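Values below: all heavy atoms of this structure, side chains included; hydrogens, waters and symmetry mates excluded. For the single chain, residues carry numbers from 1 onward in sequence order. On a predicted model such as this, the values are computed, not experimentally measured, just so you know.
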Amino acid sequence: MSHEAFEPETPHLDFEGTTPYEDYVRADVLTHLQHTLSDDPGEMVFLVTTQVMELWFTVIVHEWETAANALRGDDIPTAVDALKRSVRELEALNASWKPLGQLTPAQFNAYRGALGEGSGFQSAMYRRMEFLLGDKSASMLVPHRGAPRVHAELEKALHEPSLYDEVLRLLARRGHAVPDEVLRRDVSRRYEPSPRVEEVWTAVYAGDERDEVARLGEALTDVAELVWRWRNDHLVATRRAMGAKAGTGGSAGVAWLEKRARNNVFPELWTARSYV
């Protein structure tokens with residue numbers, strides 16, 4: 001056995017161009033997208049956190065579209081896998097409120113004026129998330145008329161079945177009594193709860209917990225719970241930073257967020273539990 005000291009191999013350091021890591025992650029692009037508009041040092045964390053949120057919105061939209069496509073093909077396991085991944089991503093997204101949740105009014109006001117009419121309400125990727133959850137409105141396309149690609153993507157999402165629409169269609173194909181008026185509804189409009197859909201979920205939950213439809217229901221409930229937590233964390237962070245003032249971008253601020261926080265995603269999955 002050699003008594004020479006073990007020398008770890010030196011990693012490859014010399015590349016002709018940029019590193020393979022940079023080519024894949026585009027870190028140089030990501031880390032130079034931050035252009036603050038005020039001299040306040042706190043604006044940087046606000047800007048970076050908001051950009052991180054946009055990236056999480058993007059991957060969550062990808063997961064929910066993957067789940068919707070799988071359900072369209074009657075592939076529940078693939079859909080559940082995508083939903084479970086999105087649960088971990090929603091947890092990370094919701095943690096983004098931590099750096100912002102401690103802002104005092106004075107700290108937020110130090111750079112709030114630099115935002116002008118900018119508001120998270122205007123996020124196109126967040127709007128795609130909402131559309132996938134069944135919370136649709138054609139008026140939400142209006143702010144994006146000046147960005148043709150973004151507007152086209154949102155318009156497409158508006159007229160496609162939501163994730164929940166695909167769930168209900170699958171339930172119908174599996175022999176559950178989802179009413180025709182729900183299956184044939186105008187999918188460009190906001191989903192409204194149905195007592196008969198509630199009965200379907202009641203029957204699912206009264207049956208075998210190991211059934212894949214029941215497991216799908218629980219994966220959807222996990223998603224819905226974290227969406228509710230996102231909305232409430234947003235409400236609390238906003239209330240702490242600015243009280244009851246009008247929001248940037250002309251929204252009603254806290255009053256609007258309070259209304260949003262009262263709305264459950266996939267409503268019958270919650271109400272059906274009272275009858276199991």
Side-chain angles (χ1 to χ4, degrees), residues 55-93 124-138 141 149-150 152-194 196-227 264-270 272:
L55 292 174
W56 281 125
F57 296 160
T58 301
V59 73
I60 291 166
V61 164
H62 168 75
E63 302 288 21
W64 292 350
E65 287 181 341
T66 297
N69 288 334
L71 291 169
R72 203 172 294 126
D74 290 300
D75 184 356
I76 292 181
T78 296
V80 169
D81 284 346
L83 292 171
K84 286 183 175 179
R85 288 194 301 270
S86 80
V87 165
R88 301 292 172 249
E89 293 147 9
L90 282 162
E91 289 172 342
L93 170 64
M125 196 57 72
Y126 182 71
R127 194 59 50 204
R128 283 179 64 180
M129 279 179 59
E130 295 271 277
F131 283 4
L132 276 163
L133 293 171
D135 192 353
K136 295 187 178 183
S137 171
L141 272 64
R149 186 184 71 180
V150 171
E153 290 173 347
L154 271 178
E155 187 169 35
K156 179 174 181 289
L158 178 73
H159 293 286
E160 288 179 338
S162 71
L163 171 61
Y164 197 48
D165 287 319
E166 296 295 357
V167 169
L168 297 179
R169 292 177 181 189
L170 178 138
L171 288 174
R173 292 195 300 272
R174 294 290 176 98
H176 295 278
V178 180
D180 284 344
E181 61 267 23
V182 171
L183 297 172
R184 297 175 181 172
R185 74 182 195 89
D186 181 353
V187 297
S188 70
R189 300 177 67 87
R190 179 179 289 109
Y191 179 81
E192 298 295 339
S194 162
R196 291 175 62 190
V197 171
E198 181 183 85
E199 291 172 4
V200 168
W201 283 118
T202 301
V204 168
Y205 275 100
D208 186 353
E209 290 183 341
R210 296 166 297 180
D211 181 81
E212 63 178 2
V213 172
R215 294 201 300 272
L216 172 63
E218 284 302 275
L220 291 165
T221 305
D222 288 340
V223 167
E225 178 181 334
L226 285 165
V227 170
N264 282 325
V265 177
F266 316 142
E268 297 94 347
L269 273 167
W270 297 97

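Of the possible polar contacts, none joining the E268 side chain to the E199 backbone as a donor-acceptor pair under 3.5 Å is found. No donor-acceptor pair under 3.5 Å is formed between the side chain of R210 and the backbone N or O of A214. Not a single donor-acceptor pair under 3.5 Å links the side chain of W64 to the backbone N or O of S86. The backbone N or O of T78 lies less than 3.5 Å from a partner atom in the side chain of D75, making a donor-acceptor pair. At least one donor-acceptor pair under 3.5 Å links the side chain of K136 to the backbone N or O of L158.
One distance of note links CE of M125 with OG1 of T58; it measures 4.0 Å at 0.5 Å rounding. We find the CZ-CG distance between R128 and L154 to be 7.0 Å, quoted to the nearest 0.5 Å. The CZ atom of F266 sits 5.0 Å away from the CG atom of L163 when rounded to the nearest 0.5 Å. Rounded to the nearest 0.5 Å, atoms CG (L269) and CG (N264) are 10.0 Å apart. Once rounded to the nearest 0.5 Å, the distance linking CZ of F131 with CD of E153 reads 12.5 Å. Going from atom CD of E181 over to atom CD of E192 covers 13.5 Å, rounded to the nearest 0.5 Å.
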Exercise for the section: I would like to know whether E89 and R85 meet salt bridge (Lys or Arg N to Asp or Glu O under 4.0 Å); could you show each step before the answer? Expected result: CA-CA 6 Å; E89 293 147 9; R85 288 194 301 270; 5.0 Å; no
Exercise for the section: Assess whether side-chain contact (heavy atoms from CB on, under 4.5 Å) is satisfied between E218 and Y205, documenting all intermediate values. Expected result: CA-CA 10 Å; E218 284 302 275; Y205 275 100; 2.6 Å; yes
Problem - W270 vs T221, side-chain contact (heavy atoms from CB on, under 4.5 Å): CA-CA, chis, key distance, verdict - result: CA-CA 8 Å; W270 297 97; T221 305; 3.8 Å; yes
Practice task
Determine, stepwise, if the pair S162 / D165 fulfils side-chain hydrogen bond (donor to acceptor under 3.5 Å, both in side chains).
Solution key: CA-CA 5 Å; S162 71; D165 287 319; 3.1 Å; yes
Handout entry: Residue pair L93, F57: steps toward the side-chain contact (heavy atoms from CB on, under 4.5 Å) verdict
Key = CA-CA 8 Å; L93 170 64; F57 296 160; 3.7 Å; yes
Problem - Working for side-chain contact (heavy atoms from CB on, under 4.5 Å), residues V265 and V223 - result: CA-CA 9 Å; V265 177; V223 167; 5.7 Å; no
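For the pair R215 and E209, the salt-bridge criterion is not met [side-chain N within less than 4.0 Å of a carboxylate O]. E212 has a carboxylate O that lies under 4.0 Å from a charged side-chain N of R174, or vice versa, which qualifies the two as a salt bridge. With salt bridges taken as basic N to acidic carboxylate O contacts below 4.0 Å, none links D222 and K84.
Counting non-hydrogen atoms of other residues, nucleotides and ligands closer than 6.0 Å to CZ of R173 gives a total above 12. The environment of R88 atom CZ is sparse: at most 12 non-hydrogen atoms of other residues, nucleotides or ligands sit within 6.0 angstrom.
For the residue pair N69/T66, the side-chain donor-acceptor check at 3.5 Å is not satisfied.
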